[in-house]
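Take a look at the structure set out below.
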Amino acid sequence: MKEWMTMFCLTFYFSLFLMDALLCFYHRNEDLKQMLESSKDSAKLDAMKRIVGMIAKGKNASELFPAVVKNVASKNIEIKKLVYVYLMRYAEEQQDLALLSISTFQRALKDPNQLIRASALRVLSSIRVPIIVPIMMLAIKEASSDLSPYVRKNAAHAIQKLYSLDPEQKEMLIEVIEKLLKDRSTLVAGSVVMAFEEVCPDRIDLIHKNYRKLCNLLVDVEEWGQVVIIHMLTRYARTQFVSPWKDDEVVEEYNENNFYESDEEQKEKDRKVKNIYTMDPDHRLLLRNTKPLLQSRNAAVVMAVAQLYWHLAPKSEASIVSKSLVRLLHSNREVQYIVLQNIATMSIQRKGMFEPYLKSFYVRSTDPTMIKTLKLEILTNLANEANISTLLREFQTYVKSQDKQFAAATIQAIGRCATNITEVTDTCLNGLVCLLSNRDEIVVAESVVVIKKLLQTQPAHHGEIIKHMAKLLDNITVPVARASILWLIGEYCERVPKIAPDVLRKTAKSFTTEDDLVKLQILNLGAKLYLTNSRQTKLLTQYVLNLSKYDQSYDIRDRTRFIRQLIVPNEKSGALSKYAKKIFLAQKPAPLLESPFKDRDHFQLGTLSHTLNSQATGYLELSNWPEVAPDPSVRNVDVAESTKEWTGILGITKKEKPMEKFYSESEEEEDESTNTSSSSRCLESNLHLHFLENCIFRTGGYLKRIGKNFKKSQSHVTTQVSVPTETHELLHRMSGKGLAAHYHFSRQPGIFGDHMVSVQVTVTNTTDQKIENIHIKEKKLPPGMRVHEFNPIECLEPAESITVSMGIDFCDSTQMASFQLCTKDDHFNVNIQPPVGELLLPVTMSEKDFKKEQGMLTGMNETSATIAVAPQNSTRLVIIERVVKAANLGVVPSGQDNIHRFAAKTVHSGSLMLVTVELKESSTAQLIINTEKTVIGSVLLRELKPVLSQG
């Protein structure tokens with residue numbers, strides 16, 4: 001009874017509370033209604049302010065619509081503005097009541113106040129009733145001719161609403177769009193282009209006459225208008241201009257010309273190449289006027305300019321957007337996600353754009369998983385021989401992350417690096433094998449899957465790894481990992497003949513409790529063993545087939561029937577059973593580890609379709625570049641039609657200011673932009689030449705430098721034990737039309753800079769005429785690489801030779817430095833590729849320091865090999881002579897006769913390179929290299945092996 005009374009009281013009081021709340025809400029709205037019906041403007045204004053405040057807070061004020069709409073004809077401007085704000089919000093919901101005020105809205109279109117006219121048009125276009133389409137059409141036409149740019153802007157917005165309501169009005173709306181496109185107001189430009197994109201995006205002819213005006217107005221348009229205009233102009237440019245990318249391809253083909261062609265043919269080719277491609281001035285206008293917008297505070301504008309440069313600019317100019325995009329990575333995570341997705345697509349095709357900003361993509365512990373994964377994708381795309389050592393150390397940290405999804409993605413990234421960069425395949429594989437002992441099951445499972453893919457590329461060399469993975473089968477429970485191990489053992493069962501049958505025996509015991517994926521691989525393993533080792537596995541395979549015959553999964557039952565008929569011949573078996581071995585034991589192609597962003601480049605960057613990797617509604621594809629550019633005169637505007645005040649905007653008489661350097665901290669851009677006279681450049685060149693002549697002299701094949709600061713700055717670098725006398729051909733006399741050039745590495749540190757490798761070039765004139773003005777031109781270098789040119793040789797007499805010095809910063813890479821060796825009349829493409837031993841400077845250190853540094857460079861930083869050494873090559877002098885001749889290494893004192901140690905540092909980064917040759921019994925030796933630069937270490941190991949083993 002007491003409980004019943006308590007429940008009754010609670011229900012009663014709750015009902016009273018609800019009634020009070022409803023009455024309060026009712027009375028509050030009644031209060032507002034009374035204020036709206038008041039004769040005092042102050043009360044109405046106060047009521048409208050409160051109602052608009054309710055709307056701003058997200059509260060529903062729709063039941064006040066009848067009371068509000070009565071005040072639409074108020075003479076008070078402030079009240080009328082607020083009424084129109086309310087009507088724009090609820091006109092679509094309360095269409096019947098809004099229609100009653102149509103005549104009021106039409107009168108308001110003639111109001112002297114531009115805000116009232118614009119608001120009336122907005123309310124009118126918000127009433128989604130087909131019956132008022134003619135009224136809306138008339139209102140839009142009148143508003144498009146309004147004196148106020150704000151009203152014309154709203155007319156452009158209304159066009160899109162009317163088109164979605166009645167698409168049959170398209171032709172009339174296109175006339176209005178054409179008229180508004182001629183508008184010179186920056187307030188209107190963005191809105192009308194948005195209407196153009198919505199109604200008639202294929203009518204490119206409407207843009208021709210307005211193209212230059214839009215380009216010039218772009219900087220002053222509001223931010224979201226800039227985004228729309230840039231995307232539209234990107235599509236327009238792809239239909240009106242020829243590709244700026246073709247020039248590079250044609251020049252490369254032309255460079256492979258035939259030396260034996262006649263002079264007339266050669267001159268004809270020269271003439272054609274010079275006329276290959278000249279950028280259209282309108283194309284250049286677009287690129288020039290969008291460039292300043294890279295400094296915009298709006299991320300969408302920066303992204304729009306970036307995609308424009310990506311799709312329209314020459315490849316050599318597209319890299320300017322890199323720094324702006326990296327700047328956006330300091331924004332919120334939503335902006336980061338979109339920007340990183342676009343960078344991931346860009347970095348696949350043009351790695352050089354983002355290589356200087358590699359550290360900007362390092363993962364932070366505070367990043368969400370989606371950002372971490374994208375940064376990891378970009379780092380993998382940017383991996384190359386020069387930076388892979390740094391990235392692998394970074395990845396080792398990521399694998400230990402508490403975010404298991406990210407750790408698994410890191411393991412996949414290591415696998416991709418191992419596939420793409422063959423020099424570190426073994427290093428990565430060893431690192432992944434070490435992860436198999438990790439306590440985390442997800443890390444182990446992902447490592448197994450990646451190792452399986454890597455082993456498919458070279459299974460013959462990794463039998464031990466397959467055995468090691470077979471032992472882990474008892475502890476691993478993740479189905480994908482177990483299935484991968486079983487597939488590996490089955491695929492290479494002939495390489496592990498003792499282990500494979502035992503694995504089948506163990507898995508047959510647990511067959512009924514395994515996942516379907518694992519069961520399928522057990523069946524495959526049994527079939528392969530039945531075909532290769534039936535004596536041991538025949539009964540086991542039949543046992544597994546009998547178990548799977550009654551499995552719940554129809555996939556497994558179907559696979560069982562197929563395998564039984566194929567490998568166990570009987571009277572019903574067809575001719576297919578003869579080919580069972582070819583079917584099961586056929587060589588499988590190695591899987592391709594590719595970036596998931598590889599297939600996104602067919603979508604325009606910065607679009608929703610690119611983000612989703614699927615074509616979204618309303619997506620407009622970029623057309624292919626035309627083979628021949630359409631007539632550019634269609635963009636010409638008659639000067640007489642333009643008033644004098646707008647000639648500057650159209651670019652007719654206004655002289656443009658020289659563009660300030662954008663991100664001018666780049667040294668190369670500063671060098672290119674410096675305009676000095678030819679006489680000052682000549683004087684500077686001559687002074688530099690005299691300085692080098694005073695600092696450098698040759699003696700006994702060595703190039704020595706005199707200077708007080710040299711020993712101090714290079715005190716840790718020892719003198720060369722051996723300077724190689726081998727020369728390399730730079731230019732053959734036949735290819736060089738009588739000009740021959742050879743080069744060799746002089747092994748002298750710091751002549752042209754601390755990071756430069758010294759190269760001596762000997763130029764010879766083999767003709768009977770003098771050759772003038774021999775110099776270097778048009779360097780095509782990988783990102784970061786620099787060349788210090790030798791001073792031009794004014795004249796080289798017949799049969800005369802001259803030796804000059806130059807410096808090259810190879811960035812610790814064996815990539816070629818490509819440039820043109822030019823004379824007064826010709827130019828020849830030449831390359832200099834350094835042996836890895838010439839990228840080093842010898843270092844002196846004690847044996848104790850050597851062992852200390854070596855202990856810090858283990859694991860992935862250590863590479864070793866066992867080699868056979870002839871008895872005559874096992875003496876200390878011979879080993880030192882051969883090693884230092886092959887590589888620029890310093891000899892480290894050793895207290896043991898059978899161990900020889902060498903040390904050096906890389907020229908560019910100063911990373912230590914420690915080499916150990918330990919002589920063993922039976923004429924063998926172990927060669928060990930410890931360095932952070934694992935790629936250079938692997939290449940050096942490969943080059944030293946034949947040097948020590950040859951007789």
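Values reported hereafter were calculated over all heavy atoms of this structure, with side chains retained and with hydrogens, waters and symmetry mates removed. The residues of the chain are indexed from 1 along the displayed sequence.
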Is there a donor-acceptor contact under 3.5 Å from the side chain of [X] to the main chain of [Y]?
X      : Y      : answer
Arg327 : Leu294 : yes
Asn298 : Glu223 : no
Thr425 : Ala418 : yes
Ser484 : Lys452 : no
Asn387 : Thr390 : no
Thr419 : Gly415 : yes
Thr607 : His610 : yes
Trp245 : Ala313 : yes
Tyr309 : Leu287 : yes
His311 : Leu605 : yes

If you count the non-hydrogen atoms of other residues, nucleotides and ligands that lie under 6.0 Å from [atom1] in [X], is the total more than 12?
X      : atom1 : answer
Met370 : CE    : yes
Lys404 : NZ    : yes
Arg333 : CZ    : no
Lys471 : NZ    : no
Gln402 : CD    : no
Glu317 : CD    : yes

Note: Arg235-Glu621 ion pair, threshold 4.0 Å (strictly below): no
Check ion pair Glu377-Arg416 (N to O, under 4.0 angstrom): yes
Chi angles and distances behind the side chain to side chain contact (heavy atoms under 4.5 Å, CB included) call for Asn342, Leu325: CA-CA 9 Å; Asn342 287 276; Leu325 291 176; 5.9 Å; no
Verdict with supporting geometry, Asp367 and Gln336, side chain to side chain donor-acceptor pair (under 3.5 Å): CA-CA 10 Å; Asp367 288 336; Gln336 286 185 56; 5.3 Å; no
Check [X] against [Y] and note the closest heavy-atom contact, atom names and distance.
X      : Y      : result
Phe810 : Pro834 : CE2-CD, 3.5 Å
Asp812 : Val907 : OD1-N, 3.8 Å
Ala386 : Cys811 : CB-O, 4.0 Å
Leu517 : Ala483 : CG-CB, 3.9 Å
Val424 : Cys417 : CG2-O, 4.1 Å
Glu862 : Leu857 : CB-O, 4.0 Å

Got [X] and [Y] here, is their nearest side-chain heavy-atom distance under 4.5 Å?
X      : Y      : value
Leu927 : Thr916 : no
Leu454 : Ile451 : no
Glu423 : Glu385 : yes
Gln405 : Lys372 : no
Leu889 : Val915 : yes
Lys453 : Val449 : yes
Glu355 : Asn384 : yes
Gln926 : Ser864 : yes

Between [X] and [Y], do the side chains contain an N or O donor and an N or O acceptor separated by less than 3.5 Å?
X      : Y      : result
Thr234 : Gln307 : yes
Thr934 : Ser389 : yes
Glu853 : Asn930 : no
Asp849 : Ser846 : yes

Nearest 0.5 Å please: distance from the [atom1] atom of [X] over to the [atom2] atom of [Y].
X      : Y      : atom1 : atom2 : answer
Ile411 : Cys428 : CD1   : SG    : 12.0 Å
His908 : Ser813 : NE2   : OG    : 10.5 Å
Leu382 : Met353 : CG    : CE    : 10.5 Å
Leu340 : Ile378 : CG    : CD1   : 4.5 Å
His231 : Gln226 : NE2   : CD    : 12.0 Å
Ile929 : Ile936 : CD1   : CD1   : 11.0 Å

All side-chain hydrogen bond (donor to acceptor under 3.5 Å, both in side chains) counterparts of Thr290, not counting sequence neighbours: none
side-chain hydrogen bond (donor to acceptor under 3.5 Å, both in side chains) partners for Arg364, two or more places apart: none
Single hit among Lys506, Arg482, Lys519 for salt bridge (charged side-chain N to carboxylate O under 4.0 Å, His left out) with Glu514: Arg482
Residues Ile476, Ile485; criterion side chain to side chain contact (heavy atoms under 4.5 Å, CB included); working and verdict: CA-CA 10 Å; Ile476 295 176; Ile485 294 175; 3.8 Å; yes
Parallel, tilted or perpendicular: ring planes of Tyr619 versus Phe603, cut at 30 and 60 degrees: perpendicular
Mutual orientation of the aromatic rings belonging to Phe354 and Phe361 [parallel < 30°, tilted 30-60°, perpendicular > 60°]: perpendicular
Derivation and outcome, side chain to side chain contact (heavy atoms under 4.5 Å, CB included), residues Leu473 and Leu486: CA-CA 9 Å; Leu473 197 60; Leu486 290 171; 3.9 Å; yes
Ile442 and Val478: CA distance, side-chain angles, deciding distance, side chain to side chain contact (heavy atoms under 4.5 Å, CB included) verdict: CA-CA 8 Å; Ile442 296 175; Val478 179; 5.7 Å; no
Worked verdict on Thr906 versus Ser909 for side chain to side chain donor-acceptor pair (under 3.5 Å): CA-CA 6 Å; Thr906 56; Ser909 61; 2.9 Å; yes
